[in-house]
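Heavy-atom basis, side chains included; hydrogens, waters and symmetry copies ignored. Numbering of ligands and ligand atoms starts at 1, following listing order.
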Amino acid sequence: MTTGKIRVRFAPSPTGLLHVGNARTALYNWLFARRAGGHFLLRIEDTDQERSEKRYERQLMEDLLWLGLDWDEGPEGLDRPAEGNFGPYRQSERLHIYAEHTQRLLNEDKAYCCFCTPEMLEADHKKAVAEHRPQVYSGRCRDLGPRTVKKNLDAGKPFAVRLRIGEEPLRFHDLVRGTVEFPAEALSDPILVRSGNDGQPGMPVYNYVVTIDDALMQITHVIRGDDHISNTPKQVAIYNAFGWPVPQFAHLSTILGADRERLSKRHGATSISSFREMGYLPEALVNYLALLGWGAEDGKTETFTLPELIQAFTLERVTPSPAVFDFDKLNWLNRHYIKQASPARLAALAWEYFGGFLPAKDEASDNVLYWFAQLVSLFAPSVDHLDQLMAKALFVFGVDPAAVRRNPENAEILAADSTRIVLGELASRCRSHTGIVTPEVFKAWMNEIKSATGIKGKDLFHPVRIAITGTHSGPEFDKLLPLLAQGAALNLGVLSVQDRVKRFVGV
Ligand code: GLU
């Protein structure tokens, strides 16, 4: 009984941070649901009790919401109530449901109790390897008579529950890859419930619970990573055993690093929270993840906001070939969105990178807030991600003249005779000027020094810039000078141009 509505789910295991591969899976599910006016479900797959942690569950909810991927149904968390009529949405709260279903399969003889001990299975495995046979279950317990089964159960013998697989090959249609087929013998009789202690059933396995949940939650499309392709025939066999309709599948390609190995921490940041900490904007990450295995119909558009993606996204345009994660392209998109972002938003995001130089944000005066937004606007066009701002803007908060003099990059300029002359002229003007050094004042000074000394161009400007900023490149003086002047009035320890030059020349 399907509702006729598209229903998809994102089903992470809270055993680690949400990484780009899973975030892309979530995004494609979300886009597919939003475009179709369907439902996007969040289901927490926390049956691995040892590795599942609440903090990861919270973090992944935060990361999804940060990316803009809200769910229509899911468990409570982050001050959101549980939503949807198909819950609970945490597998650890659904164990009774799985147990009822196991009983049903056993009653219908679609599944059976397997009393093989780990030692027996290990011996079977070794024998199969030695005889070059596929390593599949021998079928030893497949046809135990009901009396034997009862005797074993009464004796409290540990048992697993296995699904009885038929002879037919298992085939499913994948929206990204077409028809995929597996021979039945490759599956053997998969375990549904692991063997437990004291004659009690143990934990149900992933393939089993995911199928029960997808069926009961009326999932119409299973969109997930291609690491689950080999699990799919087992899941199809479970749908068949229950007589449930099989959903459509779409398996997304693997994400590789530049060396074409599976993307991992070795390649750089991979978790959504680390990209967030580095100052990537969510719209840049979402845009980049969308392009990682999907392309626009016109074959060229590369910048998409979330609403634009909802309009443009189709599973038909998802490619089965592996996607290579390109940090340069992500940076390009991030720069694109940084340019579009308002100064106030960038300033709010960048505040934390300037800890120690700024007051707590909620204690900052409007003047400080405004000034900092100017600072961020000045430097943001030169960074790939916002955590690079601090290094670019550090000189605004002060430079150590001794360190500037020691910097080998400044050595040649500082050693030149013309530099001594230029800085002497500049310092004498700074000593006698009590007002603000506006861009106009500064321009007039430069012209005067040029006519008085005949020094011009780089020989004139590089020493001046080093004295004021510590390096010979940086933002235009027209924008920088007002920032320094306003900063000097704010009690943040920012020095005026005069004080900078005087300290640098040692007067
Ligand atoms: N918990 C599984 C995972 O994180 C879900 C796989 C699925 O979508 O079926 O890989």
* Please check if any side-chain donor atom of Q103 sits under 3.5 Å from a side-chain acceptor atom of N107, or the reverse. => yes
* To do: Please determine, by modelled atom types, if D48 and Y206 share a side-chain donor-acceptor pair under 3.5 angstrom.
  => no
Show me the short polar-atom pairs for ligand 1: any N or O of it lying under 3.5 Å from a protein N or O, with distances only.
from     : atom 1 : to   : atom 2 : distance (Å)
ligand 1 : 1 (N)  : A11  : O      : 2.8
ligand 1 : 1 (N)  : S13  : OG     : 3.0
ligand 1 : 1 (N)  : E45  : OE1    : 2.7
ligand 1 : 8 (O)  : R9   : NH1    : 2.7
ligand 1 : 8 (O)  : R9   : NH2    : 3.3
ligand 1 : 9 (O)  : R9   : NH2    : 2.9
ligand 1 : 9 (O)  : Y206 : OH     : 2.6
ligand 1 : 9 (O)  : R224 : NH1    : 2.8
ligand 1 : 10 (O) : H228 : NE2    : 2.8

Extract all donor-acceptor atom pairs below 3.5 Å that involve side chains of residues 148-162 and protein atoms in other chains or at least two apart in sequence.
from : atom 1 : to   : atom 2 : distance (Å)
K150 : NZ     : D154 : OD2    : 2.9
R162 : NH1    : D189 : O      : 2.8

* To do: Return yes if a side-chain donor-acceptor contact under 3.5 Å exists between Y89 and E73, otherwise no.
  => yes
* Asked: Looking at R34 and D72, does any basic side-chain N land under 4.0 Å from a carboxylate oxygen?
  -> yes
* Asked: Using 30° and 60° as the class limits, which term best fits the ring planes of H101 and F242: parallel, tilted or perpendicular?
  -> perpendicular
